[in-house]
Amino acid sequence: MTLYFKYMMLLFKSQMQYRASFLLLTLGQCLTPFTVFAGLYFMFDRFGQLQGWDFYEVALCFAVTQMAFSITECFARGFDTFSSLIVSGNFDRLLVRPRSTVVQVFGSRFEFTRIGRLFLSAVVLIWAVTNINVDWTFLKIVALFFMVASGIVIFTSIFILTASISFWTVQGLEIANIFTDGGREMTQYPLNIYQKWVRRFFTFVIPFGCVNYVPLLFILNRDGYQHPVYALTPLAGVLFLIPCLIVWRIGVRHYRSTGS
Amino acid sequence: MIRVQGISKSFLVAKRPSGIRHAVKSLFHREYTTVEALQDISFSIAPGEIVGYIGPNGAGKSTTIKVMSGILVPDRGTCSIMGYTPWLDRVPYVQNIGVVFGQRSQLWWDVPVMDSFELLRDIYKIPPAAYRDTLTLLIDTLDLKDIIHTPVRQLSLGQRMRCEIAASLLHSPSILFLDEPTIGLDAVSKIAVRHFIKTINKEKGVTVILTTHDMNDIEALADRILLIGKGSLLYDGSVQGLRSQFGTRRTITAEYRENAHPLQIPGATLLSWTPDRAILSVDTEQIMMSEAITQLSSQVELLDVTIDTQPIEDIIVQMYKEYQL
Amino acid sequence: MMKPYISVFKLRISNGLQYRAAALAGIGTQFFFGFMFIMIFEAFYAHTSGTPPMTLAEVITYTWLKQAFLAFIVLWFRDDELFQLITSGNIAYELCRPSGIYGLWYVKLLAQRLASAMLRCFPILILVIFLPEPYGLQLPTDFTSFLLFLATLFVGLLMIVSLSMLIYISVFITMSPAGSLLLFSVFGDFFAGLVIPVPLMPNWMQQIVYVLPFHWTADFPFRVFTGNLSKTEALTGLCIQSIWLVGLIAVGKFAMDRALRRIVVQGG
């Protein structure tokens, strides 16, 4: 863990070498989800509601997802850009060091500019939390916190999983966007507005449902979801990390037997 | 210390012909060929040796280095280095080795060299006291004092290579792998790097395995060379041995009192001739050197004779030709 | 005269064709995103009380066109080669070439978009025509509107390339490929109707959008296709598009000449 912070400091120092570019990028990162959010706002402006969800409820959903995603991108960017490490051959370098590859890849990149995105999602979150029709209790705040935390774990797992693909091929990695960007876009809205197969996939295969949807229902006090146990469902999402780490290990083994 | 036995490794490589027609074709069908990168390579290296690993591009040098540094798992064969099998005991094993890839950097591009060193200290969990000692030694011998606080991107290639080597030695490894350490360096930097490699080998007893295309590196450093071509080990022995085995030709330059007849010595070919100077190439397998000189002096009145051995570079070129690499 | 442009074009196309896996992955990804957007729109439309300015069927067709022609309409289609050329100073090589640099780059960017679209848009279009109701693509009612669509899409493509040329030229001046460009493209894409179709925006927003050039590149051709715009509107639009195009190219060329002169003066 201390090593991880050392990596972080070093990379922060590197990025600060280009201060103007850094600030502009941060601003840009803030505005990308801003236009998406503006679109969402305009849609509500036009249609009034979304299958029984009102604007602030969806905004909360949006904010939680964006927040989890931006934190993940900030810290797990090394996995997101992992294919370049493979292509340049610099992954070899990691293999001749006496530390686990996962830690080293985590440490290879930090995207501090994502703070812009984080900032925007925090603003939306506060706006939604203060305007939403909810009696906030301690447990509900805990549930909200877990939603973000577990979202981070799931996005990180997906990043690791998609990075593992690069061990076999570095072509066609765009498909992985379905799970990263696609997962983000999708979970900006409550899952029940989608077709059943999509909902199933994003609940049982990639457990976004137990991060975003179920605890949201708990916070909103919807029928059938009032039991406190629903506040803890985000913890189930953490289990998703395990198979992803296994795939990563298989990938490393494959890389070491083909060297490509 | 290092025992490599019967290592083999093959890769599948996709064929990629050029042109639009082939590009469209390869959308649907792609052909693969198997490349035997290493075939049954065996050798062993004793502690404290400096071994030069040479061969033309694509001969399997890097593959061997990758296997020995635990990056790559071979198809067949065993390898035992300091009691470890590199690809099985990766994490404990790599604590004992240092690797420099001459064409890639392990230093962080935008920050001072010192910051990279400190991160490496944490990666390798080097105790503070040991770190301080090693660092002082490295700074002194590599003359890094003035550049250690400069961001890497502002360093010259020679300065950077010195820092790269220092970075791979911070954790005091017993074995150092150098993959083309002098590539692209100017003459002064090359000599500095060579000198340093020699020093740490002598003083700290570090075993050094280096690949290079620069035969001057080999002559300056290596007691022993391994020559690899098309995946097989072709020669394993001393530089001297290589000379006596393959470099059997000597060049004699003779100056003599004017003589109208071209020289004729069996077993030697005349490279150039003027009435007072001749250059001959002698194959010592066909005629002894002393015999050639005797013959020479019987034919002309010698004034001066110089004998040159073949440069190692030429021997290598000749070997590549002989093995059709 | 045209030869260097044609060779640049050819090289780009065959280069793009090399990456079959990338193309397949792109198709899959665009398909998925298309479905997702449609489901979101569907959910909004499900309980609506008033009559929205676009029917759901139109929005669906709009979405599929957007996914299929993505390479034609997004502002931010990065060409790292050009960026490196500019920031590394290797631009000197380009200056040695006998062809005009604006034209050469223009063709390069155009070819890159065409190559990418060729591999991606046809498969997506064919698939979505055969999708069951209500997810399928609805073809235009008559052949004339289809032709009009092609014409407007093509002029739109030329417009987007001249817009992105402005991005590359601005890199000349700032020497930093990030930041400002990101801002430019983020807003550009929004104003082009790529986040939500322009008719669904509030009226005050629409008024801003219609002043800017961006919506001519995507929103306009797509609405010609869906029949949301009439043929007369399409024809007038085509004229306005052309005026914009000429204006953008003129500005681009002027700015490029200025920027180049500065580089020569600096000796960089």
Side-chain angles (χ1 to χ4, degrees), chain A residues 18 20-53 58 113 116 165 169-183 185-195 197-199 201-202, chain C residues 18-33 35-50 52-54 76 120 135 174-191 193-206:
Chain A
Y18 308 95
S21 166
F22 175 81
L23 290 175
L24 277 171
L25 266 179
T26 310
L27 186 65
Q29 282 301 333
C30 172
L31 290 171
T32 317
F34 176 75
T35 58
V36 177
F37 185 68
L40 190 144
Y41 178 82
F42 291 154
M43 287 301 277
F44 271 97
D45 191 49
R46 172 80 56 192
F47 293 92
Q49 49 68 48
L50 175 64
Q51 290 200 348
W53 300 87
V58 176
T113 56
I165 300 173
T169 173
V170 289
Q171 287 185 33
L173 289 177
E174 198 185 334
I175 197 89
N177 287 358
I178 288 184
F179 304 109
T180 52
D181 292 346
E185 294 289 321
M186 195 133 237
T187 48
Q188 281 169 6
Y189 291 92
L191 279 182
N192 77 329
I193 67 163
Y194 300 106
Q195 296 280 324
W197 59 271
V198 181
R199 234 182 304 158
F201 182 82
F202 281 101
Chain C
Q18 286 259 329
Y19 303 99
R20 67 166 165 177
L24 276 177
I27 292 169
T29 315
Q30 295 325 324
F31 211 68
F32 171 86
F33 276 96
F35 255 116
M36 195 185 68
F37 292 135
I38 286 170
M39 278 187 271
I40 294 170
F41 284 123
E42 205 186 0
F44 272 113
Y45 273 85
H47 300 285
T48 181
S49 40
M54 272 178 108
W76 191 227
R120 288 170 191 218
Y135 297 111
T174 59
M175 281 297 155
S176 142
S180 53
L181 316 176
L182 190 63
L183 303 189
F184 192 59
S185 56
V186 162
F187 282 112
D189 287 349
F190 184 80
F191 292 132
L194 299 189
V195 178
I196 61 172
V198 177
L200 295 181
M201 295 176 184
N203 292 332
W204 61 270
M205 192 74 219
Q206 289 188 32

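First the proteins, then the strands, lettered A, B, ... as listed; each starts at 1.
With sequence neighbours left out, the ring-ring contact (aromatic ring centres under 6.0 Å, His included) criterion links C/Phe35 to C/Phe31, C/Trp64, C/Tyr135.
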Ignoring hydrogens and angles, write down the donor-acceptor pairs under 3.5 Å from the side chains of residues 35-50 of chain A, residues two or more places apart or on other chains.
unit_1	atom_1	unit_2	atom_2	d
A/Thr35	OG1	A/Thr32	O	2.9
A/Arg46	NE	C/Leu200	O	3.2
A/Arg46	NH2	C/Pro199	O	3.2
A/Arg46	NH2	C/Met201	O	2.7
A/Gln49	OE1	A/Gln51	N	3.0
A/Gln49	OE1	A/Gly52	N	3.3
A/Gln49	NE2	C/His47	O	3.4

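Pairing each heavy atom of A/Asn177 with each of C/Phe33, the nearest pair is O-CZ, 3.9 Å.
Rounding to the nearest 0.5 Å gives a distance of 8.0 Å between CZ of C/Phe190 and CZ of A/Phe34. Distance check: A/Gln195 CD to C/Glu42 CD gives 6.0 Å after rounding to the nearest 0.5 Å.
For A/Tyr194, the parts lying under 4.5 angstrom from a heavy atom of chain C are both the backbone and the side chain. Of the two parts of C/Ile40, the backbone and the side chain both hold a non-hydrogen atom closer than 4.5 Å to a non-hydrogen atom of chain A.
Looking at A/Met186 and C/Phe32, their side chains come closer than 4.5 Å, going by heavy atoms from C-beta outward.
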